[in-house]
Amino acid sequence: MDEKFLKPYDPEATEGRLYTAWEESGLFNPDTCIAEGITKPDAEPFSIVLPPPNVTGRLHMGHALMLAIEDAVVRYQRMQGKRTLWLPGTDHAAIATQSVVEKKIKKEEDKSRHDLGRAELLKRIEAYATESHDTILKQLKTMGASLDWSREAFTLDETRNRAVRAVFKKMYDAGLIYRGNRIVNWDPKGQTTISDDEIVYEERDATLYTFRYSSDFPIAVATTRPETKVGDVAVAVHPDDARYTAFVGREYDAVFCDVPIHIKIVADKEVDPAFGTGAVGLTPAHSHIDWEIADRHLLSHEVIIINEFAKMTVPGRLSGMKTTDARDAVVAWLREEGLLEKEEAVKQNISTAERTGGIVEPLPKLQWFVEVDRPVPGRDKTLKELLLESVRSGAITILPEHFEKTYFHWIENLRDWCISRQIWYGHRIPVWYRGEEITVGEAPSGEGWVQDEDTLDTWFSSGIWTFSTLGWPEDTKDLQTYHPTNLLETGYDILFFWIARMILMTEFTLGTVPFKTVYLHGLVRDAQGRKMSKSLGNNMDPLDVTAKFGADAARMALIVGNTPGTDMRMSEDKIKGYKHFANKLWNIARFVLENAENAGIASEWKEENRDKTWASAPERADFPFSTSERPYLDQCDALITEVTRDIEEYRLYLAAEKIYHYIWHELADKILEESKPILLGEDGVARAARARLLLILLDRSVRLLHPFMPFVTEEIFQSLPTRDAPFLMVAHWPAILEG
RNA sequence: GCAUCCUUAGCUCAGUUGGUAGAGCAACUCAUUUACACUGAGAAGGUCGCAGGUUCGAGUCCUGCAGGAUGCACCA
């Protein structure tokens, strides 16, 4: 028996060494598996593309959970003999990365991006991204992720750049990308547009002011933003509101706080007669809903009164004021004029930008959009309909299932997607202008062309991730083999950001779904159920955890009892329990191997297996068992059947728990204990038979457990006489054996 | 406002199609040169949020209510 079993299992001394051995074998790459005769060339493919971590820092426990789940599935499928590809990569995460680096520069050098200039800022961001990328890779490897590094991708590398330009052109040519002057969410702090999904609502106290535009104006209106009223062009009332029907269609002029305004009374069913006075002052340029109502009544969008810096652009006393100051000034003026009729305290949800915390100002801007309600050429359906259909038809299954409802609900509220951003880090919009001329896709030759200054929303490149990583727009062998991917596994918090957009982009570009199954995991919370965050100081660093307890223990703790879509609580105690489990298994191996040697079984088995290949596992019929041993084999068979089905149906939390329970409380507590008298007995035949049984049960146990605890199982497998492959990682999954 | 989820042992959570309530942790009793103290054996602990309904039978299906969480929208 190997001397290593005489000491307790030491993950720290084992895990790094094994990962290097796996990596050097090249067997993370399915092509190598085929070349070495481990996988059949025509085996069924199985693929997962890693959700690319942002190069904004380091991985957290949520990433560790993602890796634990994906690696378990990938290792299982690989052991099933499939051509298994798990493709790694990282995400440039445009706005997130740029704002991290900008903050850093501001803090350390007190400089803004404009002080540095576009080229210098990009250089700084790239340096930061590289450093962050290296840290992330180290973390991925520490967790034991069996990723094929030969195919590593980055959302902003040359291959992905080309794919982004090609998709943009294809969508533009299809008439689904347009440039338009539309009201967008403008973040004055970050100086960029943001998408609807990047808005975070915060509840604040506000005052609802009721007033008239002038003393002879017939209707009072209510607002929490009096400063915007200098931009009003109309007052809308409900068509059935008897108080106001007489005024509908009339127009009035007034001078409001030094600004001349022209107001038309319109009737629109969107207006809630019960709110405020039942009459809404419409400010089309600075409110989404007003813009839409104005559209219906052919009112002007042109009255712009707030600029990109959230300052007033009107003449008179408000000129140049910040909106917040202007609010006070308008209220003061209303009081002076005796126009203010009522003030009441209300709770208000205010829109803030997720990244900068800036208060979002709706502004009309010339931006690029993806249109979701226009039929896709050749498909006879809109992007929105394709989004619904791909899930409704069952082509994509979302786990847990109830998230499908959430998904549908989101799509029903989906508006055109603003894809241009006024930041510098990211994919520059592939559009060139020369006077009235425009070129889309690739840079044109000739003088005088100027490229669009803006960059694309980072989710535009993330949306094509499943196929850009496989070499599209080239029709590569990888693309043919591994797309659509089998599984997309990620946190439920990016269902809309990412998953929906991948479906949209893939349906448009390839006319297929990007993946067949979506597995959504929950948040990893601390032991008290709080979110992990820097400010609370309750973050767990996966590197610290693995250093202390081993990656196997961390992975197992993340998987057992953690159902998809549900948040989980994590604590060091939980992880410690699975470190103990690794040691338990280690000692089972020690006991079994010791007795196999004593009974003279080990060498006999090695003889038997010398010429075995991947495809021929040790079979029950090969070895003599007494009838008293059959029930143990049947019990193990039942476990294999259940665990296999659980993994196939993505019930990893059950599979892992069942294996754990079997190994500790059946194999160790019962079977080993019951075997002691036989192994110490006089009957040599019985002793040998029992030693063989234990060896088979151990062999099967490490195979079953390998997807969840890859290191300790591999380390034991390397010392097993039943070893029939260079690594457990590429050994066969235990099958139910006849006989 | 619209939608979704949750409520099961002291704690954290399972419970796949309806068929005698489960695990881990904690706590309790006992054992102790044992493959393993990173241990073993044992016992204890639950009107499955509340009220109805369907059924031979409901933790599971339906309706209502209460409490908690989340997402989306709106906030003129």
Side-chain angles (χ1 to χ4, degrees), chain A residues 1 5-10 196-197 199 201 203-204 206 208-210 221-226 228-229 232 235-237 268 270-272 275-283 286-290 293 346-351 400-415 492-493 495-496 522-523 525 527-529 549-550 553 557 560-563 565-571 573-574 576-595 642 645-646 649-651 653-654 657-658 660-661 664-665 668-670 672-673 675-676 679 694:
Chain A
M1 188 185 59
F5 287 107
L6 299 177
K7 288 185 286 182
Y9 176 63
D10 179 1
D196 292 346
D197 304 296
I199 291 176
Y201 292 98
E203 192 180 87
R204 297 203 185 162
L208 184 68
Y209 301 95
T210 303
V221 295
T223 183
T224 54
R225 295 197 63 187
T228 63
K229 299 293 103 182
D232 282 10
V235 166
V237 297
D268 195 285
E270 191 102 16
V271 179
D272 175 4
F275 188 92
T277 61
V280 190
L282 293 184
T283 324
H286 300 286
S287 154
H288 284 102
I289 184 87
D290 292 3
I293 297 175
V346 292
K347 293 278 181 200
Q348 185 185 33
N349 278 337
I350 186 159
S351 314
E401 205 179 337
H402 69 79
F403 270 100
E404 294 187 355
K405 289 178 194 161
T406 313
Y407 172 84
F408 293 137
H409 189 248
W410 178 81
I411 291 169
E412 280 153 21
N413 290 312
L414 186 63
R415 291 187 291 192
Y492 63 74
D493 48 331
L495 177 62
F496 310 133
L523 261 51
R525 296 170 176 275
Q528 282 84 51
F549 304 107
V560 173
N562 183 13
T563 45
T566 311
D567 294 353
M568 73 175 312
R569 297 182 185 208
M570 184 47 66
S571 65
D573 278 350
K574 191 169 180 188
K576 194 160 82 185
Y578 292 105
K579 185 186 179 184
H580 295 178
F581 177 55
N583 193 57
K584 185 76 184 181
L585 180 61
W586 188 250
N587 279 291
I588 293 169
R590 172 181 172 178
F591 180 87
V592 170
L593 290 173
E594 207 165 31
N595 282 291
E642 279 189 47
R645 201 177 60 223
D646 286 337
E649 292 167 17
Y650 295 111
R651 290 189 298 266
Y653 57 100
L654 274 187
E657 191 182 339
K658 283 175 185 168
Y660 170 89
H661 196 263
W664 199 314
H665 300 299
D669 290 350
K670 297 205 177 87
L672 255 53
E673 292 303 324
S675 298
K676 281 177 183 174
L679 293 166
L694 295 182

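Keep in mind the model is a prediction, meaning the values are calculated, not measured. The chains referred to below are lettered A, B, ... by the order of the sequence lines, with proteins before strands, and numbering in each begins at 1. Heavy atoms only: backbone and side chains are in, while hydrogens, waters and symmetry mates are out.
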Using a 4.0 Å heavy-atom cut-off across all strands, classify [X] as base, sugar-phosphate, or nothing.
| X | result |
| --- | --- |
| A:T283 | nothing |
| A:K574 | nothing |
| A:E657 | sugar-phosphate |

Among all residues two or more places apart in sequence or in another chain, which pass the side-chain hydrogen bond (donor to acceptor under 3.5 Å, both in side chains) test with A:T224?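 A:T224 satisfies side-chain hydrogen bond (donor to acceptor under 3.5 Å, both in side chains) with A:Q348 only.
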With sequence neighbours excluded, tell me which residues meet side-chain hydrogen bond (donor to acceptor under 3.5 Å, both in side chains) with A:E401.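 Residues passing side-chain hydrogen bond (donor to acceptor under 3.5 Å, both in side chains) with A:E401: none at all.
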Calculate the interatomic distance between [X] atom [atom1] and [N] atom [atom2]; express it in whole Å.
| X | N | atom1 | atom2 | result |
| --- | --- | --- | --- | --- |
| A:Y578 | B:C36 | OH | P | 24 Å |
| A:R590 | B:C38 | CZ | C1' | 13 Å |
| A:D567 | B:U7 | CG | P | 13 Å |
| A:E404 | B:A3 | CD | P | 18 Å |
| A:N562 | B:C13 | CG | C1' | 10 Å |
| A:N583 | B:C36 | CG | P | 10 Å |
| A:K576 | B:A26 | NZ | C1' | 13 Å |
| A:Q528 | B:U12 | CD | P | 11 Å |

Non-neighbouring partners of [X] that pass ring-ring contact (aromatic ring centres under 6.0 Å, His included), sequence neighbours left out:
| X | result |
| --- | --- |
| A:F591 | none |
| A:H661 | A:H665 |
| A:F496 | A:W410 |
| A:Y660 | A:Y578, A:F581, A:W664 |

Which atoms form the tightest heavy-atom contact between A:A668 and A:K584, and what is the distance?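 Result for this residue pair: CB-CE, 3.6 Å.
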Flag the pair A:V221 / A:T210 as yes when at least one side-chain heavy-atom distance between them is below 4.5 Å, and no otherwise.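 A side-chain contact under 4.5 Å is absent here.
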[atom1]-based separation of [M] from [N] [nearest Å]:
| N | M | atom1 | answer |
| --- | --- | --- | --- |
| B:G18 | B:A3 | C1' | 28 Å |
| B:A9 | B:G46 | P | 10 Å |
| B:C11 | B:G1 | P | 32 Å |
| B:A23 | B:C30 | C1' | 23 Å |
| B:G71 | B:G59 | C1' | 27 Å |
| B:U54 | B:U60 | C1' | 14 Å |
| B:C6 | B:G49 | C1' | 11 Å |
| B:U34 | B:A41 | C1' | 13 Å |

Under 3.5 Å, N/O pairs linking protein and nucleotides 15-17 of chain B:
{"residue": "B:G15", "atom": "OP1", "partner": "A:Y653", "partner atom": "OH", "Å": "3.0"}
{"residue": "B:U16", "atom": "O2", "partner": "A:R651", "partner atom": "NE", "Å": "2.9"}
{"residue": "B:U16", "atom": "O2", "partner": "A:R651", "partner atom": "NH1", "Å": "3.2"}
{"residue": "B:U16", "atom": "O2", "partner": "A:R651", "partner atom": "NH2", "Å": "2.9"}

With the criterion being N/O to N/O and under 3.5 Å, what pairs connect the protein with nucleotides 39-43 of chain B, and how long is each?
{"residue": "B:U39", "atom": "O3'", "partner": "A:K584", "partner atom": "NZ", "Å": "3.1"}
{"residue": "B:G40", "atom": "OP1", "partner": "A:K584", "partner atom": "NZ", "Å": "3.1"}
{"residue": "B:G40", "atom": "OP1", "partner": "A:W664", "partner atom": "NE1", "Å": "2.3"}
{"residue": "B:G40", "atom": "OP1", "partner": "A:D669", "partner atom": "OD1", "Å": "3.4"}

By side chain to side chain contact (heavy atoms under 4.5 Å, CB included) - contacts of A:T223 (at least two apart):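 Scan of A:T223 (side chain to side chain contact (heavy atoms under 4.5 Å, CB included), adjacent residues dropped) gives A:F211, A:R225, A:P226, A:K229.
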Side chain to side chain contact (heavy atoms under 4.5 Å, CB included) against A:F5, all qualifying residues, sequence neighbours excluded: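 So A:F5 forms a side chain to side chain contact (heavy atoms under 4.5 Å, CB included) with A:M1, A:D2, A:W586, A:A589, A:R590, A:L593, A:I716, A:S719.
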Intra- and interstrand pairs of RNA chain B - dot-bracket, Watson-Crick/G-U under 3.5 Å, | marks other strand: (((((((..((((.....[..))))..((((.......))))......(((((..]....))))))))))))....
I'd like to know if the side chain of [X] and the backbone of [Y] have a donor-acceptor N/O pair within less than 3.5 Å.
| X | Y | result |
| --- | --- | --- |
| A:D646 | A:R651 | no |
| A:N583 | A:Y9 | yes |
| A:D290 | A:T283 | yes |

For every nucleotide of nucleotides 70-76 of chain B, 5' to 3': is a protein heavy atom under 4.0 Å from its base (B), only from its sugar-phosphate (S), or from neither (-)? -BSBBBB
Would A:K670 and A:E673 count as a salt bridge (charged side-chain N to carboxylate O under 4.0 Å, His left out) here? Give the steps. CA-CA 5 Å; A:K670 297 205 177 87; A:E673 292 303 324; over 6 Å; no
Is the number of heavy atoms from other residues, nucleotides or ligands within 6.0 Å of NZ (A:K576) greater than 12?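 Counting neighbours around NZ of A:K576, 12 or fewer heavy atoms of other residues, nucleotides or ligands fall under 6.0 Å, so no.
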Most 5' of A:A527 and A:N587 on RNA chain B, judged by nearest nucleotide: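 Looking at RNA chain B, the more 5' nearest nucleotide goes with A:A527.
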